[in-house]
Amino acid sequence: MGLKETDKRQQECDDFSGCVDEAKRQNKETCVVAVEKFLDEKKRLLQGLQHLSDSDEQDDRMAACRAKLDKLKRDLLLFEMQLVDQLEDVIKDFERSISEMISVFVEGVQQRMTFCRDLENAHHEKLTEIAMQLLEQMVKGELEEDLPDELRMLFVDKDTIANAINASH
């Protein structure tokens, strides 16, 4: 039961890890593209600044560069928040799936334990019945089988045999 489900649990863990890794990879790629785009724009802007002599024009371009940097910061934070949201969803799905697997497992174990208890009780009842029949046969002298001395010592009376059987239950 538990071992049969090992592959299923392992697949679920592998899928979870794969989803997390893929989301992180995609987020990293998106961030790298945004940063590279900013660096290209910054490079062009700085190259253009070297040729400008007007300080107002230089200040305007530097302000534009700062604005693009601020936009990059906001975009990177946005990408990070999107990743966090994706990961939260994946984690919730994983937790739900694992919890369901655990519930099914526990329910199966409980059913099997109930079945085992029922079998044990049936065995105890049958053993008690057979022992009482043997005791009656011994008392009446009808016992055809030769019992070992250790076993005969248990068949002194009903209480002794019942106590021995109940001790093993």
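- Defined by atom type and a distance below 3.5 Å, a donor-acceptor pair is missing between the side-chain atoms of Ser99 and Arg96.
- Two residues are said to be in side-chain contact when any heavy atoms from C-beta on lie closer than 4.5 Å; Thr128 and Glu125 fail this criterion.
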* Run the side chain to side chain contact (heavy atoms under 4.5 Å, CB included) check on Met62 and Asp59 step by step: do they pass? -> CA-CA 5 Å; Met62 288 304 292; Asp59 289 343; 5.5 Å; no
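- Contact of the Lys24 side chain with the Lys28 side chain is not registered, since no non-hydrogen atoms from C-beta on lie closer than 4.5 Å.
- Grouping Ile, Leu, Val, Met, Phe, Trp and Tyr residues whose side-chain heavy atoms lie under 4.5 Å apart, directly or via other members, places Leu69 in a hydrophobic cluster with Val35, Phe38, Leu39, Leu72, Leu76, Phe79.
- A salt bridge does not link Arg44 with Asp40: every distance from a Lys NZ or Arg NE/NH1/NH2 to an Asp or Glu carboxylate oxygen is 4.0 Å or more.
- Side-chain N or O atoms of Asn163 include one that pairs as donor or acceptor with a backbone N or O of Asp159 at under 3.5 Å.
- Taken to the nearest 0.5 Å, the CG atom of Leu78 stands 9.0 Å off from the NZ atom of Lys71.
- Other residues, nucleotides and ligands contribute at most 12 non-hydrogen atoms within 6.0 Å of the CD atom of Glu100.
- Side-chain heavy atoms closer than 4.5 Å link hydrophobic residues (I, L, V, M, F, W, Y) into clusters, and following such links, possibly through other members, connects Ile161 to Ile130.
- With sequence neighbours excluded, no residue satisfies ring pair (Phe, Tyr, Trp, His ring centres under 6.0 Å) with His123.
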* To do: Report the C-alpha separation of Thr160 and Asp157 in whole Å, then their side-chain angles, then the decisive distance to 0.1 Å, and conclude whether the side chain to side chain contact (heavy atoms under 4.5 Å, CB included) test is met.
  => CA-CA 6 Å; Thr160 304; Asp157 60 21; 2.7 Å; yes
* Worked verdict on Arg112 versus Val109 for side chain to side chain contact (heavy atoms under 4.5 Å, CB included) -> CA-CA 5 Å; Arg112 289 178 189 227; Val109 168; 5.8 Å; no
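- Put simply, CZ on Phe94 and OG on Ser97 are 7.5 Å apart, with the number rounded to the nearest 0.5 Å.
- Asp14 and Gln10 are linked by a side-chain donor-acceptor pair at a separation below 3.5 angstrom, with hydrogens and angles left out of the test.
- Using a 4.5 Å heavy-atom threshold, the side chains of Arg61 and Leu46 count as separate.
- Using modelled atom types, one finds a donor on one side chain and an acceptor on the other under 3.5 Å when comparing Gln11 with Asp15.
- Under the 3.5 Å distance criterion, with hydrogens and angles disregarded, a donor-acceptor pair is assigned to the side chains of Glu22 and Gln26.
- By the rule that hydrophobic residues join a cluster once side-chain heavy atoms approach within less than 4.5 Å of another member, Met153 and Leu134 end up as members of separate clusters.
- Classification of Glu12 and Lys8 as a salt-bridged pair fails, no side-chain N sitting under 4.0 Å from a carboxylate O.
- Cluster membership check: Ile91 shares its hydrophobic cluster with Met101, using side-chain heavy-atom separations under 4.5 Å among Ile, Leu, Val, Met, Phe, Trp and Tyr.
- With salt bridges taken as basic N to acidic carboxylate O contacts below 4.0 Å, none links Glu88 and Lys92.
- Under the 4.5 Å side-chain criterion, counting only non-hydrogen atoms from C-beta, Lys158 is in contact with Leu135.
- Side-chain atoms of Leu127 and His124, non-hydrogen and from C-beta on, never get closer than 4.5 Å to each other.
- Between Leu45 and Cys65, the shortest heavy-atom contact is CD2-CB, 3.0 Å.
- Rounded to the nearest 0.5 Å, atoms CD (Glu136) and CE (Met132) are 9.0 Å apart.
- Put simply, Val33 and Leu83 are part of two different groups of oily side chains (I, L, V, M, F, W, Y) that touch within less than 4.5 Å, one to the next.
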